[in-house]
Amino acid sequence: MKIIDIKTLKNEYKIDIWTSTQIRQFQKQLLDWYDEHQRLLPWRENKDPYRIWISEIMLQQTQVDTVIPYFNHFMEKFPSIYKLAEASKEEVLKAWEGLGYYSRAANLHIAAQQVIENYEGKMPNSFDELQTLKGIGPYTAGAIASMAFNQKVPAVDGNVMRVVSRLFEIDLDIKRPKNFKVFFSVVYHLLDEKRPGDCNQALMDLGATIMTPKASRPDLSPVKAFDASYLNESWEHYPVVAKAKAPKLIRKWAIVVKNEDGQYLLEKRPDNGLLANMWTFPLVAENDLQKSKDGKIAKMFNDTLDITDEFEKIKAFMLENYSINIHLENDIVHHVRHIFSHLVWEILMINTTTNATNTPQNCEWTAADKFGQYAFPAVQTKLIQALTEHIQTTLF
DNA sequence: AATACGTGGGC
DNA sequence: TGCCCAAGTAT
C-alpha cells in the first residue's frame, strides 16, 4: 500500500492509498460506468466554459432539479458573457429570483465584467486565475478547469467528500475547512490524466445517485470493490459531519400599506447582507418597536388577537421612519413563518391604508399587477400569497 | 476558523 | 413536524 502522507500538507492525517494499478482499475470502472450512466444535463451538452461556469454557480448548495429551469432561462436571457456583463444588476437578480443565496447573482455579474476587463472576454483556464473571479472558490475553480479546460484539478464538493470519505473510511469532519485539503489531495491521486473532468463528474454523479447521504446503495456501485466502507459495512458512519446549530428565531411585523390609488408600498433591502437588493413589504423587527414592559409583543405572536395597542407603536414607527400615516384597515393578522438556513422569521402581517403621496427612501408604490417586475425573495411571495387568500376570502 | 448566506425536497 | 440535506463562497 502506498500512503498519502498528508503531513506534507501541514496536516498529520495519513491515508492508505491504492497502488498505481489499482488506481487505473478504479478509473476504468468509474469512467465506464459514467459513460453509460451519466445524467443528461443541459450544461453537459458541450464544454462551453460560460455554460459550465453559470451552472456551477447555480449548483452551489442547490439541487440539480431546482437549477435546471433557472439555467435554461438564464441562458436565454444572457446567452453570452457579454450579454451578462452588459445587463443591469436588477435584471440579473430577477433571473435569480427564488433560487436563493442572492450574492451569487451579484458576484456573477461582477465576475463577467472582470473576465471582459482582464481576460478579453474569455474565461481563464487555470485553477488559480479562476479563483480571482468573484464567487469562484476552490470547488468551482476545479470544476471549470477540469470540465471545460481538461486540466487535472480536483473538483471537491459535498458529493465528492462523501464518496471519498467512504472509499477510504476517512473520519474527518467535512464541514471543517482545514479538512478540505485532505480530500483534495486524495482526489488528485485518483484523477485520470486524460479525463480529469469526467473523473470529477463521475465521482459527483456516483455520490448523487448511488453513494447518497441516505438510502445509500453501495452494493450497486461500479467501484464497490474499492469501497472500504462497503467491504467493512461501515458506510453509514461516513462522512463525519458536524451538526448544524439551531436557527435563531426573529419576530417581525410585515406592514402592508395600500395608498388611495390602490398601490402597495414596497421596499428595497440594503445592498448587502440577507436578501440584499430584494424587494419586500416594509418589515419591522420587534426590537425596532418600543417594547412594552409586560412583553406584550412576544405574547402577540402566540395569540394574534387584539393588536390595538401594538398598532399604535407600529403607526408611530411608520410615521417616524417612512413619513407616512397609516390606518388599520381591519384586524385580520396573518401569521407567516419563513425558515432560512440560519434563522427563522416569525412574521405577523397587517393590512393598512394611507392617504400619503410621498415615496419613502428605498421604496416604491406599485400596483399588484406590476409585482412581476420586482425581484422578490420567497418570503415576500409567501406574504403576497397570504394577502391574496385573504382578499379572496373577504369577497364572500 | 467560524459564521452568514436561501430555498425546496425527502422522510 | 422537524430535521437533514444539496455541485460553496466571502469575510
Side-chain angles (χ1 to χ4, degrees), chain A residues 38-39 41-44 51-71 93 96-108 110-111 130-144 146-148 154-163 173-181 183-184 187 197 200-209 211-216 236 239 241-250 269-278 280 337-345 375-382:
Chain A
Q38 68 176 275
R39 292 173 291 177
L41 302 169
W43 47 89
R44 285 182 174 172
R51 291 170 66 87
I52 290 173
W53 171 39
I54 301 301
S55 74
E56 290 303 339
I57 300 297
M58 287 187 171
L59 287 161
Q60 289 168 6
Q61 299 289 284
T62 309
Q63 300 199 355
V64 166
D65 290 342
T66 303
V67 165
I68 289 173
Y70 280 90
F71 177 82
L93 195 57
W96 216 265
E97 180 182 64
L99 195 53
Y101 284 155
Y102 297 101
S103 66
R104 291 183 295 175
N107 287 338
L108 199 52
I110 293 168
L130 283 163
Q131 288 185 74
T132 67
L133 302 176
K134 277 283 190 187
I136 296 185
Y139 162 72
T140 306
I144 297 172
S146 66
M147 297 174 200
V156 180
D157 71 339
N159 282 314
V160 173
M161 285 193 280
R162 180 173 59 258
V163 168
D173 182 353
I174 63 171
K175 277 280 169 28
R176 304 195 84 122
K178 58 185 287 202
N179 292 331
F180 176 85
K181 60 169 70 74
F183 293 96
F184 187 93
V187 172
N200 283 327
Q201 295 189 79
L203 289 171
M204 284 190 259
D205 274 22
L206 188 60
T209 62
M211 294 175 71
T212 47
K214 294 171 190 165
S216 180
E236 298 203 336
V241 48
K243 219 180 90 172
K245 66 174 194 176
K248 183 181 175 187
L249 179 66
I250 296 177
R269 295 177 60 81
D271 76 347
N272 57 58
L274 185 63
L275 305 177
N277 293 312
M278 307 290 282
T280 67
R337 165 186 284 252
H338 188 75
I339 301 169
F340 297 91
S341 52
H342 58 305
L343 48 86
V344 177
W345 279 1
F376 286 155
V379 63
Q380 171 68 4
T381 304
K382 218 181 268 187

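Predicted, not measured: the structure shown is a model, and the values here were computed from it.
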Does a nitrogen or oxygen in the side chain of A:H342 sit under 4.0 Å from OP1 or OP2 of B:dA4? no
Atom-pair distance (NZ on A:K243; P on C:dC5), nearest Å: 10 Å
Measure up the A:F180 and A:F184 rings against each other and bin them: parallel (under 30°), tilted (30 to 60°), perpendicular (over 60°). tilted
What one should report as the nearest heavy-atom pair of A:V163 and A:M211 is O-CE, 3.9 Å
Please report the distance, rounded to the nearest Å, between CG in A:L343 and C1' in B:dT3. 12 Å
Among C:dT11, C:dC4, B:dT7, which nucleotide sits nearest the side chain of A:K214? C:dC4
Spacing between A:L133 atom CG and C:dG8 atom P, to the nearest angstrom: 19 Å
Is A:A143 touching bases, backbone alone, or none of the nucleic acid, heavy atoms closer than 4.0 Å? nothing
Looking at every strand, decide which applies to A:R39 at a 4.0 Å heavy-atom threshold: base, sugar-phosphate, or nothing. base
Categorize A:W345 for me: base, sugar-phosphate, or nothing, with a 4.0 angstrom heavy-atom threshold over every strand shown. nothing
Check: A:V156 and A:P138 side chains under 4.5 Å, non-hydrogen atoms: no
So, A:Y139 and A:E56: side-chain donor and acceptor under 3.5 Å apart, yes or no? yes
Would you mind classifying the nucleic acid contact of A:L275 as base, sugar-phosphate or nothing, using non-hydrogen atoms under 4.0 angstrom? sugar-phosphate
Under 4.5 Å between any side-chain heavy atoms of A:Y101 and A:Q60, yes or no? no
Residue whose closest nucleotide on DNA chain B lies nearer the 5' end, A:S103 versus A:K175: A:K175
Could you measure between the two P atoms, the one in C:dT11 and the one in B:dG6, and give it in whole Å? 14 Å
Interatomic distance where CE belongs to A:M161 and C1' belongs to C:dT9 [whole Å]: 13 Å
Are the ring of A:Y101 and the six-membered base ring of B:dG6 within the stacking cut-offs of under 5.5 Å and under 30°? yes
Any salt bridge linking A:K243 with A:D173? Criterion: basic side-chain nitrogen under 4.0 Å from a carboxylate oxygen. no
Just to be sure I understand the rule, does A:L108 reach a base, reach only the sugar-phosphate, or reach nothing, if contact means heavy atoms closer than 4.0 Å? nothing
Here the distance between atom P of C:dA10 and atom CD of A:Q60, to the nearest Å, is 8 Å
Counterpart residues, salt bridge (charged side-chain N to carboxylate O under 4.0 Å, His left out), relative to A:R176 (two or more places apart): none
NA contact type, A:I57, heavy-atom cut-off 4.0 Å: base, sugar-phosphate, or nothing? nothing
Which of these nucleotides, C:dG8, B:dG10, C:dA10, is closest to any side-chain atom of A:D157? C:dG8
Under a plain distance cut-off of 3.5 Å, with no hydrogens placed, do A:K248 and A:H342 share a side-chain donor-acceptor pair? no
May I have the step-by-step check of side chain to side chain contact (heavy atoms under 4.5 Å, CB included) for A:W345 and A:L274, ending in yes or no? CA-CA 12 Å; A:W345 279 1; A:L274 185 63; 3.5 Å; yes
Between C:dC5 atom P and A:F340 atom CZ, what is the distance in whole Å? 21 Å
Taking N and O atoms by type only, does the side chain of A:T140 place a donor or acceptor under 3.5 Å from a partner on the base of C:dG8? no
The side chain of A:K134 lies closest to which of these nucleotides: B:dA1, B:dG6, C:dA10? C:dA10
A:N107 CG to B:dC5 C1': how many Å, rounded? 11 Å
In residues 61-68 of chain A, which ones come under 4.0 Å of DNA chain B, going by heavy atoms? A:Q61, A:T62, A:Q63
Give the rounded distance in Å between these two atoms: CZ of A:R176 and P of B:dA2. 5 Å
At 4.0 Å (heavy atoms only), tell me whether A:G98 reaches a base, stays on the sugar-phosphate, or touches nothing. sugar-phosphate
Categorize A:R269 for me: base, sugar-phosphate, or nothing, with a 4.0 angstrom heavy-atom threshold over every strand shown. nothing
